[in-house]
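What follows is one structure encoded as structure tokens, with my remarks underneath.
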Amino acid sequence: MRAVLEAACLILPRRAARELRAVLAPLDARFLARTLPDPFAPPGDPWWTGRLDSA
């Protein structure tokens with residue numbers, strides 16, 4: 001799902017993409033706070049795919 005949102009940010013006009021990123025920023029921060037980095041994630045993959053559930 002996050003990949004779809006990132007794709008939208010890339011194709012939207014600059015202002016709309018900026019507004020979407022502003023909405024996504026606190027959600028991304030919450031996701032980062034609730035997950036752990038995956039040490040085995042391939043480098044170069046999007047940051048959200050290299051996360052592990054912390055529960």
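Worth knowing before you read on, the calculation uses all heavy atoms, side chains too, and leaves out hydrogens, waters and symmetry mates. We number each residue from 1, following the sequence as shown.
Between the side chain of Arg51 and the backbone N or O of Leu32 there is at least one donor-acceptor pair closer than 3.5 Å. With hydrogens and angles ignored, the 3.5 Å screen pairs no side-chain donor or acceptor of Thr49 with any backbone N or O of Asp45.
Residues passing the salt bridge (Lys or Arg N to Asp or Glu O under 4.0 Å) test with Arg21, sequence neighbours excluded: Glu6.
Salt bridge Arg2/Asp28: present, at least one basic N to carboxylate O contact under 4.0 Å.
Each salt bridge (charged side-chain N to carboxylate O under 4.0 Å, His left out) pair with one or both residues in residues 7-17, not counting sequence neighbours, appears once here: Arg15-Glu19.
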Requested in this report: Carefully, step by step, assess Phe31 and Thr35 under the rule side chain to side chain contact (heavy atoms under 4.5 Å, CB included).
Outcome: CA-CA 6 Å; Phe31 179 72; Thr35 58; 3.7 Å; yes
Query raised in the report: Going through the checks in order, is the side chain to side chain contact (heavy atoms under 4.5 Å, CB included) test met by Leu52 and Asp38?
Result: CA-CA 6 Å; Leu52 299 170; Asp38 181 357; 3.7 Å; yes
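Closest approach of Leu20 to Ala8, counting heavy atoms only: CD2-CB, 4.1 Å. Nearest heavy atoms, Ala17 versus Cys9: CB-O, 3.2 Å.
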